[in-house]
Number of protein chains: 2
Amino acid sequence: MPSADRRLQPRREPRQVRAELTRERILAAAAHIFSEYGYAAGTTNRIAERARISIGSLYQYFPNKDAILAALLVRHIDRGTWTQADELDLSPGTLAATVRALVRDAIDNHSEDPQLLRIMIEEAPLSQELLDTVDRHGKQRVAQIRDLLARHPDVRVTDLDTAAELIVLTVEINTHKLMADPRPIPVERFERELANMVTRYLHGDRHTE
Amino acid sequence: MPSADRRLQPRREPRQVRAELTRERILAAAAHIFSEYGYAAGTTNRIAERARISIGSLYQYFPNKDAILAALLVRHIDRGTWTQADELDLSPGTLAATVRALVRDAIDNHSEDPQLLRIMIEEAPLSQELLDTVDRHGKQRVAQIRDLLARHPDVRVTDLDTAAELIVLTVEINTHKLMADPRPIPVERFERELANMVTRYLHGDRHTE
DNA sequence: CAATATTATGAGCAATAGCTCAGCTCTTCG
DNA sequence: CGAAGAGCTGAGCTATTGCTCATAATATTG
């Protein structure tokens, strides 16, 4: 009843089932369109067309184009399920297995729609807020891995902070490229070697220090 | 004298010094603008403005916006100077030093303008031709590294193809992220650990195989 | 079955971008 | 000097895109 000039968030909440469905349709369509055309060429009209709704309806659910991609990103982050440290075997002699589990996690979390993911983080003009969200999750993940390294008896690297950062980055990013590119190398082989590399790094050895 | 309707390449060749200078000015301006605004928001008008020439002149040197970025990319690739295998010490016990040289190479080649480089390969709509050029250089680099691994007596990994691919990707991409991000970790530490990781991987060890 | 709230529609506005072209200025050279 | 061609100019055309709004359709409620 008061202030008659809001309209910051188009549509407060969907009240009917129909609305929920439409919202989902938009997101699904957007995922397809962005994935196929990229962010810039993935126009809102194209998204509406694919969702089989009018462009006007689309803008009742999202205040602008960026918000659509933001919703997709948040959804992806929320879905991302990494195995927790307490589900892992930390007894001596199990480092190789532990690392392999981490690598597999990364691959699983990127297998859904690698192309879309790439576009979300590489092409999209992420708002500061979104960037912060992504960053927060990244830092959390690094801290988690750092903690794991600290607990595992087989780990012999000294600079745990750098190691954790390096590992997360390496695993994440190699997975990215692996999924996005037309595989130049079989996934299993790549997975095995990537795990090997990380494992050997963590074991430390006499040649480097 | 014949066919009066070409005009595929605006401006065949600069005949006067002035023209060369203008061309350079455009490229320099474009590098700045793309680097600051990104590809989409780096408009041709902005580039012309920064180069202090008219928009019309710009289009006498480049047929379209993409061509400008293509020129920048080609230039970067051409400039990229990787140390050759025959400049490296391949005697036993030198693997750590060799790897460190490779890592340093990567960092050097990205230190000029990391932001621009990121935009060139991540945001730009590269033509198939350009993609091929990039790809060709990538493959060449991988082959080079594979060869190096095969020659070096300290290398104990068996799957050289996968190893080469993995190393190039890892080093390249870690460097990327390192330069682009507001450093969360000092460069030297990261460089050292990255080199350590690769070195230990190549040495192989008893824990993995 | 009204009356009201919610959801859907799509023509079209405003902004912006890539790019053209008719004509100008400057350089070159006999 | 002066003519011819190389190089430069920038208003503005064309196309596209994100997004609005007046209106209609559908759902809900009393």
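No hydrogens, no waters, no symmetry mates; every other heavy atom, side chains included, goes into these values. A, B, ... follow the sequence lines: proteins, then strands. Residue 1 opens every chain.
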Keeping Asp135(A) on the side-chain end and Leu131(A) on the backbone end, is there a donor-acceptor pair under 3.5 Å?
no
In whole angstroms, the gap separating P of dA17(C) from OH of Tyr37(B) amounts to 11 Å
Separation of dA27(D) atom P from Glu20(A) atom CD, nearest Å, is 16 Å
Cation-pi, Tyr39(B) ring and Lys65(B) (6.0 angstrom, 45 degrees):
yes
Should the pair Arg100(A)-Glu191(A) be classified as a salt bridge under the 4.0 Å nitrogen-to-oxygen rule?
no
In terms of heavy-atom contacts, Gly80(B) and Asn109(B) come closest through CA-OD1, 3.5 Å
* **Any side-chain donor near an acceptor of the partner, Asp89(B) and Thr98(B), under 3.5 Å** => no
Here the distance between atom C1' of dA17(C) and atom CD1 of Ile47(B), to the nearest Å, is 12 Å
Tightest non-hydrogen contact, residues Ile185(B) and Glu165(A), listed as CG1-OE1, 3.6 Å
So OH of Tyr201(B) and CD1 of Ile167(B): to nearest 0.5 Å the spacing works out to 6.5 Å
Counting primed atoms, P, OP1 and OP2 as sugar-phosphate and everything else as base, the B/S/- map of nucleotides 18-30 of chain C against protein heavy atoms under 4.0 Å is BBBB-----S---
note: Phe62(A), atom CZ; dT20(D), atom P; distance rounded to Å ~ 15 Å
When rounded to whole Å, the CZ to P distance for the pair Arg46(A) and dC19(D) reads 16 Å
Rounded to whole Å, CZ of Arg23(B) lies from C1' of dC8(D) at a distance of 17 Å
Here the distance between atom P of dT17(D) and atom CZ of Phe34(A), to the nearest Å, is 13 Å
- prompt: Which part of the nucleic acid, if any, lies within contact of Ile53(B), taking any heavy atom under 4.0 Å across all strands shown: a base, the sugar-phosphate backbone alone, or nothing?
  reply: sugar-phosphate
Separation of dT9(D) atom P from Glu49(B) atom CD, nearest Å, is 13 Å
Phosphate OP1/OP2 of dT7(C) contacted by Tyr61(A) side-chain N/O (<4.0 Å): no
DNA chain C nearest-nucleotide lookup for Ala41(B) and Arg52(A): closer to the 5′ end is Arg52(A)
Requested in this report: Examine dT9(C): is either OP1 or OP2 under 4.0 Å from a nitrogen or oxygen in the side chain of Ser54(A)? Give yes or no.
Outcome: yes
